[in-house]
Amino acid sequence: MAEAAATTAHVHGVKGTGDAPITVGILTCSDRGARGERADVSGPTLHNLVIDRLGGFVRQYRVVPDERGPIEAAIREWADEHRLDLVLTTGGTGLAARDVTPDATRAACEREIPAIAQAMTLSSLRVTPYAMLTRATAGVRKRTLVVNLPGNPKALAENFEAIAEVLPHAIDIIRGVDTHASTAHGAALSGSSGRSHQHGHTHGHRTTGSSSTADPEGHAQTDTNSGPIARNVGGPPC
């Protein structure tokens, strides 16, 4: 068994503007990264996405080898002891013998959320047919949401973008927030327009209700909360 030369750090983040900041752990799964043979690029990429899109606070960061034990242990520790809202893994989601991140995630989680992984796959299939080879999963342990992301920084960003909008809502539900009451309150505030605030507050990455934002390519988009999940339908350029 390769020695788990894990790197752990408490990383500064940006406090969200909602009722409470989203606390996040980033787990990079890489044999070479854990041995110090390759700099971790995916972890810092994910860190920036968490801040920019979620207004999250990255509390834990670690690099572990592609082994079930260290991966599962980190998820359990961050959920049970640190009580993080969200754990994001990067790497080890493919078909290679050492790609065991999904297996470790399933072992650590109490419930799976298959549609999160399906949403990422559907989004990636617009870019490449090889996306169907992923084994990534998502699930919940106690009050912590766990999501597997690919190790490639470009693919990671594409997958994260596919689910970023729904993550704060999912975390609210897991926290025990009455999201139905929040939605009703937002609908009352919207007046005759009929457009409701999705949460009744902001989560740092966007403003609820109808707002104009920009996608990663700089095109203006309008969030009207009228559809299921807003996506860059064409996918980013290859």
_Note, Val146 side chain near Trp78 side chain (heavy atom, < 4.5 Å)_ = no
_Side-chain heavy atoms of Leu86 within contact of Thr144, under 4.5 Å_ = no
*Minimum heavy-atom separation for Val24 to Leu84, with atom names?*
C-CD1, 3.8 Å
*Where Ala164 and Leu54 come nearest, the two heavy atoms and their spacing*: O-CD2, 3.7 Å
*Can you check side chain to side chain contact (heavy atoms under 4.5 Å, CB included) on Thr89 and Val147, steps first, answer last?*
CA-CA 6 Å; Thr89 73; Val147 180; over 6 Å; no
*So do Arg35 and Arg32 actually touch side chain to side chain, heavy atoms under 4.5 Å?*
yes
_Salt bridge check, Arg62 against Glu77: does any charged N sit closer than 4.0 Å to a carboxylate O?_
yes
*salt_bridge(Glu110, Lys142) N-O dist < 4.0 Å*: no
*Same cluster or not: are Val41 and Leu149 linked, directly or through other Ile, Leu, Val, Met, Phe, Trp or Tyr residues, by side-chain heavy atoms under 4.5 angstrom apart?*
no
*Hey, are the side chains of Pro168 and Ile22 touching, using non-hydrogen atoms and a 4.5 Å cut-off?*
yes
_If you compare all heavy atoms of Thr121 against all heavy atoms of Met132, which two are closest, and at what distance to 0.1 Å?_
CG2-CA, 4.5 Å
*Has the side chain of Arg143 got a donor or acceptor atom that lies under 3.5 Å from a matching backbone atom of Arg175?*
yes
_Rounded at 0.5 Å granularity, tell me how far SG in Cys109 sits from CD1 in Ile75._
6.0 Å
_Closer than 3.5 angstrom, by distance alone: can the side chain of Thr45 be matched with the main-chain N or O of Pro153 as a donor-acceptor pair?_
no
*In Å and rounded to the nearest 0.5 Å, what is the OG to CG distance from Ser30 to Asp40?*
7.0 Å
*When rounded to the nearest 0.5 angstrom, what distance separates CZ in Arg83 from OG1 in Thr23?*
11.5 Å
*For Val64 and Pro70, work out which heavy atoms get closest and say how close.*
CB-CB, 4.0 Å
_Do Leu27 and Thr90 make a side-chain contact, defined as non-hydrogen atoms from C-beta onward lying under 4.5 Å apart?_
no
*For Ala131 against Ser124, the heavy-atom pair lying closest together*: CB-CB, 3.4 Å
*Taking Arg141 for its side chain and Ala108 for its backbone only, find out whether a donor-acceptor pair lies under 3.5 Å.*
yes
*Do Thr93 and Asn148 have side-chain N/O donor and acceptor atoms under 3.5 Å apart?*
no
*Taking the side chain as C-beta and beyond, is there a heavy-atom pair between Leu145 and Asp85 under 4.5 Å?*
no
_Please evaluate residues Arg98 and Asp31 with respect to the criterion side chain to side chain contact (heavy atoms under 4.5 Å, CB included), reporting the C-alpha separation (whole Å), side-chain torsions for both, the decisive distance (0.1 Å), and the verdict._
CA-CA 9 Å; Arg98 298 286 290 177; Asp31 285 332; 3.0 Å; yes
*Between Asp66 and Cys29, what is the shortest heavy-atom contact and its length?*
OD1-O, 3.2 Å
*Examine distances only and state if a side-chain atom of Asp172 and a backbone atom of Val177 form a donor-acceptor pair shorter than 3.5 Å.*
no
_With a 4.5 Å cut-off on side-chain heavy atoms, are Ile163 and Leu167 touching?_
yes
*Do the charged groups of Glu81 and Arg76 touch, with an N to O distance under 4.0 Å?*
no
*Is it the case that one hydrophobic cluster holds both Leu125 and Leu133, taking links as side-chain heavy atoms less than 4.5 Å apart, direct or via other members?*
yes
*Ser123 side chain vs Ala119 backbone, donor-acceptor pair below 3.5 Å*: no
*Would you say Leu95 and Tyr130 are hydrophobically clustered, going by side-chain heavy atoms of ILVMFWY under 4.5 Å?*
yes
*Does some side-chain heavy atom of Leu156 sit less than 4.5 Å from a side-chain heavy atom of Leu49?*
yes
*Run the numbers on Ile113 and Gln118 for side chain to side chain contact (heavy atoms under 4.5 Å, CB included), then give the verdict.*
CA-CA 9 Å; Ile113 314 175; Gln118 291 165 6; over 6 Å; no
